[in-house]
There are 2 protein chains.
Amino acid sequence: MAGAGEDALDGLDARLLLLLSDEPRLGVLECSRRLGVARGTVQARMDRMARRGILRGFPPELDLAAMGYGLTAFAVLEISQGQRAAVSERLAAIDEVCEVHATTGQGDLFVRMVARSNADLQRVIDTVVAVPEVRRTSTSIALSTPVAPRVRPLLERLAAESAPE
Amino acid sequence: MAGAGEDALDGLDARLLLLLSDEPRLGVLECSRRLGVARGTVQARMDRMARRGILRGFPPELDLAAMGYGLTAFAVLEISQGQRAAVSERLAAIDEVCEVHATTGQGDLFVRMVARSNADLQRVIDTVVAVPEVRRTSTSIALSTPVAPRVRPLLERLAAESAPE
DNA sequence: AGAATTGCTGTGCAACATGGTCAGTATTGT
DNA sequence: ACAATACTGACCATGTTGCACAGCAATTCT
């Protein structure tokens with residue numbers, strides 16, 4: 001065995017995930033061909049990663065902008081002490097709220113939301129700040145996204161670390 | 001036709017996307033069965049949404065925490081005027097930087113990053129703030145995620161809007 | 001050392017899904 | 001009334017899936 005942390009991804013796992021990232025609709029068979037391993041191996045790896053919770057599935061990736069929700073905004077909320085759960089719940093009820101994190105530091109909650117237009121965004125922000133336990137908010141609009149959500153570099157590093165024996 | 005905005009998603013599109021969100025590995029045939037339409041119809045809808053850029057694909061969804069990257073942190077960067085591109089480029093070169101947005105408001109760039117441990121996070125943050133054009137930073141650590149990235153509510157609204165004739 | 005375990009390979013098989021095409025039908029637009 | 005568009009239901013050849021099997025190598029246990 002590798003000896004070190006055991007239940008970590010090895011090079012093959014990482015290469016498989018990279019392959020699937022690039023061409024997600026590949027079947028198990030194609031993957032096995034491209035990776036140069038047997039089909040059963042790929043199947044076993046995918047099962048194992050799924051069991052471990054690493055590979056959660058293959059959800060459709062939607063482009064909100066293409067769906068009409070061209071605006072993204074972020075908000076940092078400061079809330080009344082002990083109201084995190086209550087506020088989170090209310091935020092979760094707003095369709096346009098796509099993500100909420102509780103954070104350390106000045107703000108307490110960090111919110112990502114989308115909207116169709118400036119007017120729509122105004123409405124969404126108003127809805128968010130209308131949550132009673134919210135004391136102070138500071139919002140900003142995303143102008144561009146120099147780095148879109150990605151995991152690839154980490155996978156590549158894993159693949160590089162484990163492979164070059 | 002619907003009469004209104006034409007190139008919008010209709011109820012069937014939305015229901016298809018919802019279905020795929022719930023069970024992403026469903027084949028075209030299964031989808032057609034569950035939606036009660038012909039296979040060709042599903043195929044046509046998926047092709048159309050793909051052409052329009054709405055449906056970008058089916059990338060594997062990975063759980064970074066399960067992969068060992070249990071910590072997520074956010075940073076707001078204030079940078080020297082006109083250096084956005086330069087800074088973005090440097091940030092993109094850092095593996096642990098998973099997302100960067102340029103924003104309005106006080107901060108200029110908003111960064112999401114991950115790390116394996118506190119020590120690792122320290123290192124990552126140091127790397128980020130070491131970018132020369134960065135003037136001021138404020139980082140916070142994600143303690144929890146009351147609302148994980150989601151699109152579902154928007155799809156459900158679409159499905160509800162178009163369907164109930 | 002010898003035995004057992006584990007992981008990968010390569011094969012075979014039946015069941016099923018895929019992409020393609022085609023004709024028939026309803027609905028919408030001119 | 002005619003053309004265009006969208007959906008249906010069927011067909012086909014091909015490829016893929018899930019499963020089980022035996023052979024092999026490396027590693028770990030006793």
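By convention in this document, chain letters (A, B, ...) are assigned in the order of the sequence lines, proteins followed by strands, and residues within each chain are numbered from 1.
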Practice task
Would you tell me if any nitrogen or oxygen in the side chain of B:R33 comes within less than 4.0 Å of OP1 or OP2 on C:dA17?
Solution key: yes
Handout entry: Any donor-acceptor N/O pair, A:T103 side chain to B:I141 backbone, under 3.5 Å
Key = no
Handout entry: For atom CD of A:E30 and atom P of D:dT16, their distance in whole Å
Key = 6 Å
Completion exercise
Closest to the 5' end of DNA chain D, once B:A38 and A:R39 are matched to their nearest nucleotides, is B:A38
Handout entry: Rounded interatomic separation in angstrom, taking CZ from A:R25 and P from D:dT16
Key = 14 Å
Practice task
Please check if the distance between the ring centroids of B:F74 and A:F74 is under 6.0 Å.
Solution key: no
Exercise for the section: Respond yes when some side-chain nitrogen or oxygen of B:T41 is under 4.0 Å from OP1 or OP2 of D:dT8, and no when none is. Expected result: yes
Practice task
Please determine if a side-chain N or O atom of B:Q43 lies less than 4.0 Å away from the OP1 or OP2 oxygen of C:dT18.
Solution key: no
Problem - Phosphate contact (D:dC7 OP1 or OP2) by B:R45 side-chain N/O below 4.0 Å - result: yes
Practice task
Flag the pair A:R45 and A:D10 as a salt bridge only when some basic side-chain nitrogen lies within less than 4.0 angstrom of an acidic carboxylate oxygen.
Solution key: yes
Fill in the blank from the handout: Separation of D:dT17 atom P from A:F58 atom CZ, nearest Å, is 11 Å
Practice task
Quickly work out the B:D47 CG to D:dC7 C1' distance and round it to whole Å.
Solution key: 15 Å
Problem - Between D:dA6 (C1') and B:D13 (CG): distance, integer Å - result: 13 Å
Practice task
Write down the distance between CE (A:M46) and C1' (D:dT16), rounded to a whole number of angstrom.
Solution key: 13 Å
Problem - Heavy-atom donor-acceptor pair, A:R34 side chain to A:L16 backbone, under 3.5 Å - result: no
Problem - Whichever of A:V42 and B:L29 has its nearest DNA chain C nucleotide further upstream toward 5' - result: A:V42
Handout entry: Whole-Å gap separating C1' (D:dA6) and CG (B:L16)
Key = 16 Å
